[in-house]
Amino acid sequence: MIEDKKFNRLVIAAYRLPFKFIKSKSGVRAVQNTGGLVSAILSLSENMKNRFFDKDNKIVWTGIANNLPGDFSLADFKNEHFNIVNVKLSPKLNDLFYGGFSNDLLWPLFHYFSSYSVFNNFYLEAYEEANNLFCEEIIKITKPGDYIWIHDYHLMLLPKMIREKIPDAVIGFFLHIPFPSFEIFRLLPRRWRNEIIDGMLGADLIGFHTHDYAQHFIKSVKRTTGYDCHQNIIYTTSNVVKADAFPIGIDYEKYHAACTSKTVLSEKQKTVNNLAGRKLIFSVDRLDYSKGLLLRLRGYETFLERYPEWRSKVVFNMVVVPSRDKIDKYREMKKEIESTVGRINGKYGSLVWMPIIYQYKSLSFNELIALYDTSDVGLITPLRDGMNLVAKEYVACQVENKGVLILSEMTGAAAELNEALIINPVDNVEMAEAINNALEMGTAEKETRIERMQNRIANYNVFTWAFDFFNRTYDTKKQQNLLNMKFINKDIYAQIASKYQHAKKRIIFLDYDGTLVSFHKYPEFANVDKDTINIIQRLSHDQRNHIVIISGRGVDFLDRQFQDIEINMVAEHGLYIKRSGKKWESTVKSDIRWKERVKPILMEYVNRCNGTFIEEKNGSLAWHYRNADMDFAQLRLNELKDELAEIIRYKTDLEILEGNKVLEVKSGKYDKGQAAKVFMTNEQYDFIMAAGDDKTDEFLFQALPESAFTIKVGLSPSYARYNVSDRTQLLQLLENLI
Ligand code: GDG
């Protein structure tokens, strides 16, 4: 439980460490790794203390140090901002976990290159093992009050693993790559995808770059687990988890200010001299199929073809940063890029002009900034990219020369940088037109576009991003704490038990589906099990107890389930009542002629929404959509409600009742609350308890006196006084009372 806004320390878990350790003559040197997250956290480390973390504490970074020099121990590494914890993986494990599951399966799949994905059981085992090794290290070092921030697709199982070991840990998870639509995610074998979703749900807060990715994730949660989700909050059986968009930013000031530093100014001068008055188009990316490098070359070639007036007046500097080029797919891609560059240069180039300057290397920070600032066009056209920081850095570096950003609509950055020329990277003609437009754009328009984008990214920078993330985690924690107060803990249980023991006359209302029995795909098969029957039997043997099964089910079904027990029952939400040992009675006279009008409408919705079906009861008709695609069913549900509202307007005794993935139309003013009151009239109970999971149980909770122990099964908001996370906890509670 967090008492105050400050966490103790920031503990980061990410595959990569922020430094590479390189042996030189003067000893081992720590060189900063490139990459979005590392740059972000390094900038952050100087600015975030005092606000969220204890200022005397260093950031603990847990990751994997590949190729440490033999005689070097990380314990000897001293850094003013970081304590480094190395998770040791054998090279074989690392290959299967990092090269295999992470980069041969998740990376292509999540970037919509599903045909590149390799599904291999060994990969999954290695992924589990590596996540487990991270977990062991983190458990060793974590102290109460620490904030554990887990990053990216390599560690999707880790949140749950840590949660199991430290139930009250504060855990944030951030995914740096896209979360794909469910149609792509479902390509993973069922067990794997369940494991990934459950793993991520171990966190308190799950962050994505865009609203779309967060929505894709929530849809996958709904489809794999069936958990309730409302407004980005997921109610699991044991926690309340928030999933939301946090578009990562850059350290704007660092990039902007660097443009006027002495070294960068001299770098820029060199570039300007080399260009000899030509316009410069620039791009920099890691070697990867997701970056759309070949399509970019095709777009540039189309531009040279369609706009010959630009030939010899423009140069495209394409920098590709080496990455994974020992792997066949990458090596082949590199070859193809190089031969395409050669072909285009051969076709259009001359003794005095090369259309493309291709460099396969890493640039120094100053070289990069100089190129950003001197180029007239930033050509950033990935086929899929979680965010793309290069686009933001390019914008931040338009200081002296206001350039134009051409940006692929497939990047997360496109959601924020809408003053860029947004293009589809597959459309070579659109790309060519955009290059021409960018080169011809007037200064005033260029400045307006760049300044608007600069204002935005200067405002929501890497610090705002992280602070926003920490703040939202704090809010989620507060929300969980409120719920925890309602959870039946030891003290609350002691109160209930004491009241129970001292009571002379007790009444206990128990809902059926979702409370005594788990949901089943087909309602007729949701039978009560022997253990539950046994608990109910033992409860009802006590002369002081009046047990009432209170359900929306029909009379025959309840009779079948409880045939061996003398018990009170309520069927069809209160239309029928049966007192123990007596016959069923109806509570209201209902006219059911309305069914003739409503049934065809429901039938129409069964046809319009695959997987749904109608259940007919004496006094009602129910449309079940549990087995349908949830988002689609939700759409149809709203339409159905609209259509039924028309009928209800003229037939005022009809009512719509919404239950757990079911909509029910019934006549008469009866509900579970009214039915409960029938049992309470003229009786003096000194112990009242009611448990249910459904929206229809809310009538029951509201109808009972304040002193009643009303219990919601599940975590969603309720009128009940208390919550239990699931039915097994409720059954355990009843068992304990006995
Ligand atoms: C993942 C997601 C998401 C690149 N080349 C050089 C160099 N860089 C720096 C850039 C930038 C970073 O590396 C690259 O960031 P990206 O965002 O483009 O891509 P990933 O590293 O793949 O990152 C991505 C990101 O996470 C953050 O969440 O945006 O979508 O895939 O900072 O400047 N830096 C230097 N020389 C280079 O040659 N100095």
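One-based numbering, in listed order, for ligands and for the atoms of each. Note: hydrogens, waters and symmetry copies are ignored here, and every other heavy atom, side chains too, is used.
- Looking at ligand 1, you won't find any N or O of S364 less than 3.5 Å from one of its N or O atoms.
- Between Y147 and F470, the ring-plane angle classifies as perpendicular under the 30° and 60° cut-offs.
- Distance CZ/R331 to NZ/K326: 9.0 Å, rounded to 0.5 Å.
- Any N or O atom pair closer than 3.5 Å counts here, and L368 shares no such pair with ligand 1.
- Side-chain polar atoms of R324 and Y330 form a donor-acceptor pair below 3.5 angstrom.
- Listed by number with element, the atoms of ligand 1 under 4.0 Å from a non-hydrogen atom of V284 are 5 (N).
- Considering backbone and side-chain atoms together, W107 places no N or O closer than 3.5 Å to any N or O of ligand 1.
- Which parts of ligand 1 touch D385 is read off a 4.0 Å heavy-atom cut-off, strictly below it: atoms 24 (C), 30 (O), 31 (O).
- Side-chain N/O atoms of N461 and T464 include a donor and acceptor closer than 3.5 Å.
- Nearest to atom 27 (C) of ligand 1 by heavy-atom distance, out of M387, H176, R16, is H176.
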Exercise answer: donor-acceptor pairs, residues 368-378 side-chain atoms, under 3.5 Å, sequence neighbours excluded:
from, atom 1, to, atom 2, distance (Å)
Y372, OH, E393, OE1, 2.7
D373, OD1, V399, N, 3.2
D373, OD1, E400, N, 3.4
D373, OD2, K268, NZ, 2.5
T374, OG1, A370, O, 2.5
S375, OG, L371, O, 3.0
S375, OG, Y372, O, 3.1
D376, OD2, L280, N, 2.7

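- Within ligand 1, counting atoms from 1 as listed, the ones closer than 4.0 Å to a heavy atom of I248 are 28 (O).
- Annotation for ligand 1: atoms under 4.0 Å from non-hydrogen atoms of H209 are 3 (C), 28 (O).
- When only modelled atom types and interatomic distance are considered, Y358 and N345 share no side-chain donor-acceptor pair under 3.5 Å.
- On a distance-only criterion, L389 and ligand 1 share at least one N/O pair closer than 3.5 Å.
- Side-chain contact of S290 with D288: a donor-acceptor pair under 3.5 Å is present, judged by distance alone.
- Residue contacts with ligand 1: E367 is excluded, as none of its non-hydrogen atoms falls under 4.0 Å.
- Near G386, the atoms of ligand 1 lying under 4.0 angstrom from a non-hydrogen atom of the residue are 30 (O).
- A side-chain N or O of N428 and one of T302 form a donor-acceptor pair less than 3.5 Å apart.
- Of the candidates L363, V462, D288, it is L363 that places a heavy atom closest to atom 35 (C) of ligand 1.
- A salt bridge between K270 and E267 is present, with a side-chain N of the basic residue lying under 4.0 Å from a carboxylate O of the acidic one.
- Counting atoms of ligand 1 from 1 in the listed order, those under 4.0 Å from a heavy atom of V321 are 5 (N), 38 (O).
- Close approach to S362 involves these atoms of ligand 1, each under 4.0 Å from a residue heavy atom: 38 (O).
- Between the side chains of N455 and E451, no donor-acceptor pair of N or O atoms lies under 3.5 Å.
- In this comparison of K392, R384, R286, H151, the heavy atom closest to atom 22 (O) of ligand 1 sits on R286.
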